[in-house]
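For the numbers below, each heavy atom of this structure counts, side chains included, while hydrogens, waters and symmetry mates do not. These numbers come from a predicted model, not from an experiment.
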Amino acid sequence: MRTVQLTEETRKDILTQLLKRSPDSYQGYEERVADIIRNVKENRDAAVFGYTKQFDGVEVNAGNVRVAADEIEEAYSLISPELLHVIQKSGANIRNYHEKQRQYSWFDSTENGTLLGQKVTPIGTVGVYVPGGSAPLSSSVLMNIIPAKVAGVSRIIMATPPGKDGKIPASTLVAAKEAGADEIYKVGGAQAIAALAYGTESIPKVDKIVGPGNIYVALAKKAVFGSVGIDSIAGPSEILVLADDTANAHYVAADLLSQAEHDPMASAILITTSRTLAQQVSAEIEEYLKTLSRADIIQKSLDQYGYILLADSMADAIETANQIASEHLEIVTANPFEVMMKIKNAGAIFLGEHSSEPLGDYFAGPDHILPTNGTAKFFSPLSVDDFIKKSSIIYYSREALEPVKDDIITFANAEKLTAHANSIRVRFE
């Protein structure tokens, strides 16, 4: 893992390198994704089933594309009681946290005959995408579905790619049932996003699609936005650890590798004011790599997007952390709460040496669907807010409108919108 002295020039170089991981940098895939979406819009089930056979090696049809009740029942028999208990405890933590995010309609009336307000309504149907691959992400199932349930979404449809055996991992199905999914479909990739966005004979159209995925999924979500809502366009995972000389190098190294193992394009960065800590963390990483099961993936991630940045001061370190705007930010300093108050851009902030990133991934309660690739400057973690919409409420009596009618007419005439002005004027002729 390379160690770099933090300067204005090296900061710019690193930011440029990290941006290469953005879905916006993969234009070569867009044409292929567009073809898939076009085919699904035109040929619906036939296209989805064809792509599932082509990409996943599984035959699906109208009779088996939806997960049946007996498959979910079987899944409960295949996982251990210990894992089921953990899924339920984690789900309870996630639910309790998101319950505090609920929003309610409000109305404000005055004596002169006005009523203004905001009506909060859950989104009707939400599609949740859950990635497949070598590691079943049952935690992502909980993190996507539970906030939607708390928001009051009435129909939650999950799509996830089947394994070579044509089945969904048991832990994924159990998590979906515990979280409250209404329907589950054995479809993955860009074709799943297109099916959810436009509907097929077997898969219903949704109003919004949430959930992470690979580059094809990310670009497909970007392409269908407007036909449906989306949460965000997620890039590869990332972690930034902000540390001083009080940090435990053994812990810091472990935390950096916890994200590097996700993907060769994942990013792991340590920013520290301590050269001694930098050297110790580098040595610890070398030792860990001798024993970890995904060492090859971790090494590729560290070679491409792993950095130890030496800062002259904590102020420089904080400024750089704000510019990187990492998905996960750990603050391991003498006073992490003081440093946290100076952080403006981060998806999730973990404070102190015992608040490691996997705590947030699995159990604490805050959502782990987070903004990546610097988008924490303007995006937030997935929340109950993503599953509601707000309508403005406006009521004026004639008595309330009369004193302000001339103001509105003046404004409309200034914009040369005479029909707007007339709409007010005619009420007082």
Side-chain angles (χ1 to χ4, degrees), residues 29 32-72 74-75 125-138 140-141 144-145 148 155-177 179-225 227-231 233-234:
Y29 293 84
R32 179 60 179 142
V33 169
D35 287 342
I36 292 172
I37 292 172
R38 191 179 307 112
N39 191 10
V40 172
K41 284 181 72 175
E42 293 174 359
N43 298 300
R44 307 176 75 196
D45 269 358
V48 171
F49 300 159
Y51 287 129
T52 304
K53 182 176 182 181
Q54 178 182 346
F55 298 137
D56 301 307
V58 175
E59 294 269 6
V60 293
N61 54 53
N64 67 6
V65 68
R66 179 175 173 178
V67 173
D70 60 349
E71 293 178 86
I72 297 174
E74 180 190 31
T125 305
V126 167
V128 171
Y129 185 83
V130 177
S134 58
L137 299 179
S138 46
S140 287
V141 177
N144 277 285
I145 294 175
R155 190 181 187 191
I156 299 174
I157 295 163
M158 189 176 104
T160 188
K164 296 298 183 185
D165 60 357
K167 296 184 176 182
I168 308 300
S171 61
T172 301
L173 290 181
V174 169
K177 178 67 174 178
D182 297 294
E183 302 164 38
I184 306 169
Y185 292 89
K186 305 171 189 175
V187 182
Q191 61 273 21
I193 301 302
L196 292 170
Y198 303 110
T200 73
E201 295 92 338
S202 300
I203 300 171
K205 181 187 185 316
V206 302
D207 300 312
K208 186 169 187 175
I209 300 172
V210 301
N214 62 18
I215 187 63
Y216 290 97
V217 170
L219 290 176
K221 287 173 69 177
K222 182 179 178 182
V224 301
F225 176 63
S227 297
V228 292
I230 62 171
D231 51 347
I233 302 169

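Listed here is the closest heavy atom pair of Asp56 and Pro161: OD1-CB, 4.0 Å. Considering all non-hydrogen atoms of both residues, Tyr51 and Val40 come closest at CE1-CG2, 4.2 Å. Nearest heavy-atom pair across Ala192 and Ala159 is CB-CB, 4.2 Å. Here the shortest heavy-atom pairing between Lys205 and Val228 reads NZ-CG1, 3.7 Å. Looking at every heavy atom in both residues, Glu71 comes nearest to Arg66 through OE2-O, 4.0 Å. The two residues Ser202 and Asp45 make their nearest non-hydrogen contact at OG-OD2, 2.6 Å.
Using a distance-only test at 3.5 Å, with no hydrogens or angles considered, no donor-acceptor pair links the side chain of Ser227 to the main chain of Ala197. In this structure, the side chain of Asn39 does not engage the main chain of Ala47 through any donor-acceptor pair within 3.5 Å. No donor-acceptor pair closer than 3.5 Å links the side chain of Asp35 to the backbone N or O of Arg38. Using a distance-only test at 3.5 Å, with no hydrogens or angles considered, no donor-acceptor pair links the side chain of Asp182 to the main chain of Ile157. With hydrogens and angles disregarded, a donor-acceptor distance shorter than 3.5 Å links the side chain of Asp231 to the backbone of Gly211.
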Could you please spell out the steps behind the side chain to side chain contact (heavy atoms under 4.5 Å, CB included) verdict for Ile72 and Ile184?
-> CA-CA 10 Å; Ile72 297 174; Ile184 306 169; 4.3 Å; yes
Trace of the side chain to side chain contact (heavy atoms under 4.5 Å, CB included) decision for Val67 with Met158 | CA-CA 10 Å; Val67 173; Met158 189 176 104; over 6 Å; no
Before giving the answer on side chain to side chain contact (heavy atoms under 4.5 Å, CB included), spell out for Thr52 and Lys186 the whole-Å C-alpha distance, their side-chain angles and the decisive distance to 0.1 Å.
-> CA-CA 9 Å; Thr52 304; Lys186 305 171 189 175; over 6 Å; no
Stepwise side chain to side chain contact (heavy atoms under 4.5 Å, CB included) test for Val210 and Val128 = CA-CA 5 Å; Val210 301; Val128 171; 3.8 Å; yes
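Summarising the geometry, atom NZ belonging to Lys41 is positioned 14.0 Å from atom OG1 belonging to Thr200; distances are rounded to the nearest 0.5 Å. The distance from the CG atom of Asn214 to the CG atom of Leu219 is 9.0 Å, given to the nearest 0.5 Å. To the nearest 0.5 Å, atoms CD1 (Ile203) and OH (Tyr185) are separated by 7.0 Å. Annotation: the span from Lys221 atom NZ to Tyr129 atom OH amounts to 10.5 Å, rounded to 0.5 Å. Rounding to the nearest 0.5 angstrom, the gap separating the CD1 atom in Ile145 from the NZ atom in Lys177 is 11.5 Å. Atom-to-atom distance recorded for Asn64:CG and Lys167:NZ is 12.0 Å, nearest 0.5 angstrom.
A heavy-atom distance below 4.5 Å is found between the side chains of Ile37 and Tyr198.
Summarising the local packing, CD of Glu59 is surrounded by 12 or fewer heavy atoms from other residues, nucleotides or ligands at distances under 6.0 Å.
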